[in-house]
Amino acid sequence: AQTVTQSQPEMSVQEAETVTLSCTYDTSESNYYLFWYKQPPSRQMILVIRQEAYKQQNATENRFSVNFQKAAKSFSLKISDSQLGDTAMYFCAFMKHQGGSEKLVFGKGTKLTVNP
Amino acid sequence: DTAVSQTPKYLVTQMGNDKSIKCEQNLGHDTMYWYKQDSKKFLKIMFSYNNKELIINETVPNRFSPKSPDKAHLNLHINSLELGDSAVYFCASSQNQGTLGSDTQYFGPGTRLTVL
């Protein structure tokens, strides 16, 4: 079974600094996709970034980048130049194929607070 | 324009009642999902539908019955509500492109259900 582990329930960072959120996963599949979603206090689930396992290059989206280590099954999210609006729950997710559909398997989340 | 919308955003009801949550997406996607987020923020899939056909049913009690009148809508009906049903329910949609992981899932704003 696929599992996703986020070992940091809570983290904090000063505005403008860099923070890294960790995520590890377990799978026997060779090709898969990984995602980071952000959930601010508004409750909306917002896609931050996605990574395709067969691509060696780490995905980046503006201030957000990942460190994808396939052999170690690690998928950490780095947020550079943290902003107050980055305060949110961050969920790591693994996409699993099931039947004719796919589902996201989520980690338990990391609550990130950006301090002024 | 809202891509994935849900109604209502908040729902407070008594134990034993029957209630429905509606979801609509205007993205032209052919796959829709229901996820449940519990009080500890843990997100787990409940159902997925592809072109009105049930694909994934994650051992959800049969008091929960999804209904898809067309591929743009996926409603969730809950019978005989219990205290443990209190949670935030998220609808999501994706375009099944036939390639694993190519379907990024886009989430609605969530419905907070409180059972008293």
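Note that the coordinates shown come from a computational prediction; the quantities given were computed from them, not determined experimentally. Just so it is clear: chains get the letters A, B, ... in the order the sequence lines come, proteins before strands, and each one is counted from 1.
A donor-acceptor pair is defined here as one N or O able to donate and one able to accept, closer than 3.5 Å; such a pair exists between the side chain of Y35(B) and the backbone of L104(A).
Enclosure of atom CG in N62(A) is not indicated, since only 12 or fewer non-hydrogen atoms of other residues, nucleotides or ligands lie within 6.0 angstrom. Within a 6.0 Å sphere centred on CD of E53(B), heavy atoms belonging to other residues, nucleotides or ligands number 12 at most. The neighbour count for K111(A) NZ, taken as heavy atoms of other residues, nucleotides or ligands under 6.0 Å away, does not exceed 12. For K22(B), the NZ atom counts as loosely surrounded, since its 6.0 Å shell holds 12 or fewer non-hydrogen atoms of other residues, nucleotides or ligands. Residue Y106(B) places its OH atom among 12 or fewer non-hydrogen atoms of other residues, nucleotides or ligands, all under 6.0 Å distant.
Note: the hydrophobic cluster containing L76(B) does not contain F107(B) (ILVMFWY, side chain heavy atoms under 4.5 Å, direct or indirect links). Residues V105(A) and F47(B) are members of separate hydrophobic clusters, defined by side-chain heavy-atom contacts under 4.5 angstrom among Ile, Leu, Val, Met, Phe, Trp and Tyr. One hydrophobic cluster, built from ILVMFWY side chains closer than 4.5 Å, holds both L83(B) and L11(B). Residues V114(A) and I49(A) are members of one and the same hydrophobic cluster, defined by side-chain heavy-atom contacts under 4.5 angstrom among Ile, Leu, Val, Met, Phe, Trp and Tyr.
If you take NZ on K108(A) and NZ on K41(B), they are separated by 15.0 Å, rounding to the nearest 0.5 Å. Taking OG from S94(B) and CE from M95(A), the interatomic distance works out to 6.5 Å, rounded to the nearest 0.5 Å.
Using a 4.5 Å cut-off between heavy atoms, L47(A) touches chain B through its side chain atoms alone. Both the backbone and the side chain of M45(A) come within less than 4.5 Å of a heavy atom in chain B. With a 4.5 angstrom heavy-atom cutoff, E58(B) touches chain A only via side-chain atoms. For Q39(A), the part lying under 4.5 angstrom from a heavy atom of chain B is the side chain only.
Side-chain contact check for F90(B) versus Q44(A): every heavy-atom pair is 4.5 Å or farther apart. Under the 4.5 Å side-chain criterion, counting only non-hydrogen atoms from C-beta, Q105(B) is not in contact with F35(A).
In plain terms, the two heavy atoms of F42(B) and F106(A) that are nearest each other are CE1-O, 3.5 Å. Closest approach of E102(A) and Y33(B) over heavy atoms only: O-CE2, 2.9 Å. Taking all atoms of both residues into account, the shortest heavy-atom contact from Q37(B) to F91(A) is NE2-CZ, 3.5 Å.
Geometric assessment of R43(A) against the ring of Y10(B) yields a positive cation-pi assignment under the 6.0 Å and 45° thresholds.
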